[in-house]
Amino acid sequence: HKLMEFGCGAFRAGIWLLTYLDEGNYHCLEADASSLRAAIEYEIPLHGLIHKNPKLAVEGKFNVAKLFGGNQRKSDGTFDYVFMFAVLIHICKG
């Protein structure tokens, strides 16, 4: 399965989700660069998940193409599951 998580933060859920996915099938957009850095530098290595090759990008506008270097053609752009935990409470009132 392919999973997209919006707002993975420092990987509180990501470490558990990534465990059950094949390599390269976890994707995440995170608006906060420092949270994503903590996931990359600490959580992913600590839990032995580097080999899962998660696709991660800092992006606050839900631009999924950013995960594919701006070229959505590198993927069919579909996901089996989308996960968002507590993302809506962080969206600014316009």
Side-chain angles (χ1 to χ4, degrees):
H1 297 295
K2 285 175 55 177
L3 181 133
M4 163 60 78
E5 181 176 6
F6 291 103
C8 58
F11 252 52
R12 286 185 178 167
I15 57 171
W16 306 108
L17 297 169
L18 192 54
T19 301
Y20 295 100
L21 297 169
D22 290 335
E23 177 185 349
N25 286 349
Y26 176 90
H27 301 76
C28 179
L29 294 178
E30 169 58 51
D32 183 57
S34 60
S35 291
L36 196 56
R37 190 175 320 110
I40 293 167
E41 294 177 3
Y42 181 76
E43 293 294 342
I44 294 170
L46 176 69
H47 295 279
L49 297 171
I50 295 170
H51 70 282
K52 293 286 191 160
N53 192 25
K55 308 298 183 207
L56 311 170
V58 175
E59 172 57 46
K61 297 186 180 184
F62 302 107
N63 181 2
V64 177
K66 181 122 184 202
L67 287 167
F68 308 107
N71 182 359
Q72 186 115 13
R73 292 182 195 159
K74 291 183 181 178
S75 168
D76 63 8
T78 63
F79 300 95
D80 299 301
Y81 301 98
V82 175
F83 184 77
M84 289 188 347
F85 183 78
V87 170
L88 298 178
I89 63 172
H90 296 291
I91 295 177
C92 299
K93 293 180 181 178

Rounded to the nearest 0.5 Å, what separation is found between the OG1 atom of T78 and the NZ atom of K2?
->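 Atom-to-atom, T78:OG1 and K2:NZ are 4.5 Å apart.
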Rounded distance [0.5 Å steps], NZ in K55 versus CG in L3 = 14.0 Å
Hphob cluster co-occupancy, M84 + L29, side-chain heavy atoms under 4.5 angstrom | yes
Could you go through residues 5-22 and list every donor-acceptor pair under 3.5 Å that involves a side-chain atom there, pairing it with any protein atom two or more places apart or in another chain?
from	atom 1	to	atom 2	distance (Å)
E5	OE1	Y26	OH	2.4
T19	OG1	I15	O	2.7

Grab the two heavy atoms, one from [X] and one from [Y], that are nearest each other, plus how far apart they are.
| X | Y | result |
| --- | --- | --- |
| P45 | I40 | CD-O, 3.3 Å |
| V58 | A31 | CG1-O, 3.9 Å |
| H51 | E23 | O-CG, 3.5 Å |

Output all residues satisfying side chain to side chain donor-acceptor pair (under 3.5 Å) with N53, sequence neighbours left out; order by chain, then residue number.
->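 Partners of N53 under the side chain to side chain donor-acceptor pair (under 3.5 Å) test: none.
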Restricting to pairs with a member in residues 36-65, which pass disulfide bond (SG atoms under 2.5 Å apart), not counting sequence neighbours?
->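 Sorted pair list comes back empty.
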